Structures are given as C-alpha cells and as structure tokens.
Amino acid sequence: MFFRYNELMSDLDQKLSALASRFDAALSDAPDEKALDDLRVAYLGRSGEITLIRRSIGELPAAERPEAGKTINAAVEALEAKLQSALSGLERRHLDAALGETIDVTFPSAPAHLGTLHPIRRIMNELADYFERHGFAVVLGPEIETDANNFDALNIPPDHPAREGLDSFYLRPDLLLRTHTSPMQVRTMRTHQPPVAVIVPGKAYRRDAIDARHAYMFHQCEGLLVGEGFHFGHLKGMLTGMCRALFGPAQAVRFRPSFFPFTEPSAEVDTTCPGCGGSGCKTCGGSGWIELGGSGMVHPNVLRSVGYDPDIVTGWAFGFGIERIAMVRYDMSDIRDFFDNTPTFLEQLG
Ligand code: PHE
C-alpha cells in the first residue's frame, strides 16, 4: 500500500515534500529573527528553492501545469505560515524574558542634565538682591532708544563725540541701540516723583571691535537715587556694601575724579582687587584695584530736563559693567567666553 502510494506520488510532490522536511528541520534549529529571515530567502526568495521548482513547471505537459501551479502555491502558503508562527514564537519568548527580569527600583537613576544660570545672570541677580534689600526697585528699559533719551536728556550735546555713528548702532537718525543703561534714569524720573531709588540691569551696545575685553553687546547695571538730602557719602556707603556682597567683607571702594556730561562731580569707581586683596596681581595689572565703572551726582541739567527742581532734590547715579565684575569674580581673561555659550565653560562655573 505504502509502496504504491509512493509510486503514485508525482515528481513534483516528492520534491515539495523533501523540501518541506528540510525546511522543518532548519526551522526548528533557527535561533533568532535573522536565521528565520535567511530561511525565508533561501526557500521563498527570488532565487530560492521554490522558484527553481516553479521554473520546472515549464517542462510538464500543458494540461498538468495549472494543477502543478496550485500545488506549489499551497506549499508556499504552508511554508509562510510556519515561518510566521516561528516568528510569533520568538517574539513571545523575548517578551517573556523581558517580563521575567527583576528591576531594582531602588537603583539610582542616571543623573538628569541640569542647566545652571549664566554667570552674567547670576551677577545681575546678586546685584538685584543687594539693592532690593536696601529699598531699590529693579526696572528694565528698552534696548532701542531715542537719541533724545540716550543723549540730549543726559546733557550730551549734539556735537558730543559719543553720538558718532562709528560708536553707536543707529536704526534711524533718531533711534539707536542704547549705548548705556543711563537713559532709564530719564525715563524713570519723568514718570515718577522723587524720591526714586532704582537699579537698571540690562544690555548696552557699542560699535567696538571684538577682542578679549570688548564686545559690541555687553551688560550694565545702572543705579539711581534721587530725593532730598542725598550726597556722595550715601553713594560710597551703598557701593562699599555692594562690593562686599559681591566679593567679600574685606572690600574697599575708592573714587577717582572723572567726567560724564550727566553727572557733576563725576567719579570712576574702583574696588579692592579680590584676586590679591590689594597687593597687586595679574588681574588688576599690579594696581591692587579693579575698575567697576562710572558714577557721580546727577547733573542739575538732567534733573531739570525731567521736571525735578535741583534746588530741592539731589541724587547720584552709577553705571557698572556686569561682564567686568563677572570676569573678576570667575577669574576670566576673555569676555568672548560669556557669549560662546560652550556648556563645558558654563558648567565649570556652576
Ligand atoms: N553711562 C556711563 C557709561 O556707560 C556710566 C555712568 C552711569 C556714569 C551713571 C555716571 C553715572 O559709561
């Protein structure tokens, strides 16, 4: 019986069933998705075994060809189904393995990457803290200013060299990027009756060529105190406190006579070099002092231009460079490091 059956089995059937048993054996040995895919290519791929068998149909009598085609298609379907179920089996095994893993929920996680405040922002925050503790308000002004506010109202006459287009960024003849934060003195006094006590942290712009000490954009902090009876002694007291808050309790402040059109008298402000405590080092160029910026008693013409009476109120103002303070604080030699925003640099200061 068995013999007869075998004898009756067509050549095609024999080929297919031999192929199926080889396929089954290979399938049960296939360890992973890659092996399954190799099998698919070897048997069902364009130049795989099935394709070879399909080609042999051409040798059959025409009448037998459709039947042979069907037989081959059925065999292909069977192989595909087996591949598919092997694949699902693998996926289930992967999942089971993953679910079987024990997770230690107490294990410390990878640290999250936390940013830090930019050093310029930190100095501005410290200045704001100090002055707010002493009753000053923090106000911000526009970076695009009228040249009336940036110059005229500050007693800077039209022929003053500071107005030179080479020094400033003009948007129109009457509008420019403010060259200092001082125009906010004027804006504040015009809209508020004395006494006023404000600081103005913010950006200022000058057409300076960029080098280790200059940038076309930098930060300043303006200070203004106007009311009855204020004098230079109050300025020195406030600034000494400010320098001690920034750099430590040993700081002293000194004034050097200077000139600004909007203050009279005017002074440059220096503080003890925190690098050497005043004995002289590379940071302070051997002088023992670090320059912070300009200051002075608000000029009567400025008070008049905002409608204040200089016979009744007096006051002082200062304007310091934040980068300057930060460079001394963080012992930096190149202002460009602030603006390159290299995380490695900023993180060192964190
Ligand atoms: N605005 C001046 C500058 O940028 C600094 C300054 C401010 C001087 C206030 C005196 C009073 O250089």
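Counting starts at 1 for both ligands and their atoms, in listed order. Just so you know, these numbers use all the heavy atoms, side chains as well, and skip hydrogens, waters and symmetry mates. This is a predicted model, so every value here is computed, not measured.
- Close N/O approach between Thr263 and ligand 1 is not found [any backbone or side-chain N/O within under 3.5 Å].
- If you number the atoms of ligand 1 from 1 as listed, the ones under 4.0 Å from a heavy atom of Gln185 come out as 9 (C).
- Phe262 CZ, 3.8 Å is the protein heavy atom nearest to atom 2 (C) of ligand 1.
- Given atom 7 (C) of ligand 1, the protein heavy atom at minimum distance is Gly319 N, 3.2 Å.
- The Ser182 neighbourhood of ligand 1 comprises atoms 1 (N), 7 (C), with distances under 4.0 Å to a heavy atom of that residue.
- In this structure, Cys243 and Val253 approach most closely via the heavy-atom pair SG-CG2, 3.8 Å.
- Panel note: side chain Arg329, backbone Leu246; a donor-acceptor pair is recorded below 3.5 Å.
- The pair Arg187-Glu145 counts as a salt bridge, with a side-chain nitrogen and a carboxylate oxygen less than 4.0 angstrom apart.
- Looking at Tyr170 and Leu175, their side chains never come closer than 4.5 Å, going by heavy atoms from C-beta outward.
- Distances shorter than 4.0 angstrom do not occur between any heavy atom of Arg178 and any atom of ligand 1.
- Here's the thing with Arg206: one of its N/O atoms is less than 3.5 angstrom from an N/O atom of ligand 1.
- With a 4.0 Å cut-off on non-hydrogen atoms, Ser295 touches ligand 1 through its backbone and not its side chain.
- Residue contacts with ligand 1: Glu222 is placed with no nitrogen or oxygen under 3.5 Å of a nitrogen or oxygen of the ligand (distance criterion only).
- Salt-bridge formation is detected for the pair Arg40/Asp37: a Lys NZ or Arg NE/NH1/NH2 atom is positioned less than 4.0 Å from an Asp or Glu carboxylate oxygen.
- Between His134 and Tyr130, the ring planes are tilted. Angles from 30° to 60° get that label.
- Between Tyr205 and Phe169, the angle of the ring planes goes over 60°, which puts this pair in the perpendicular group of the 30/60° scheme.
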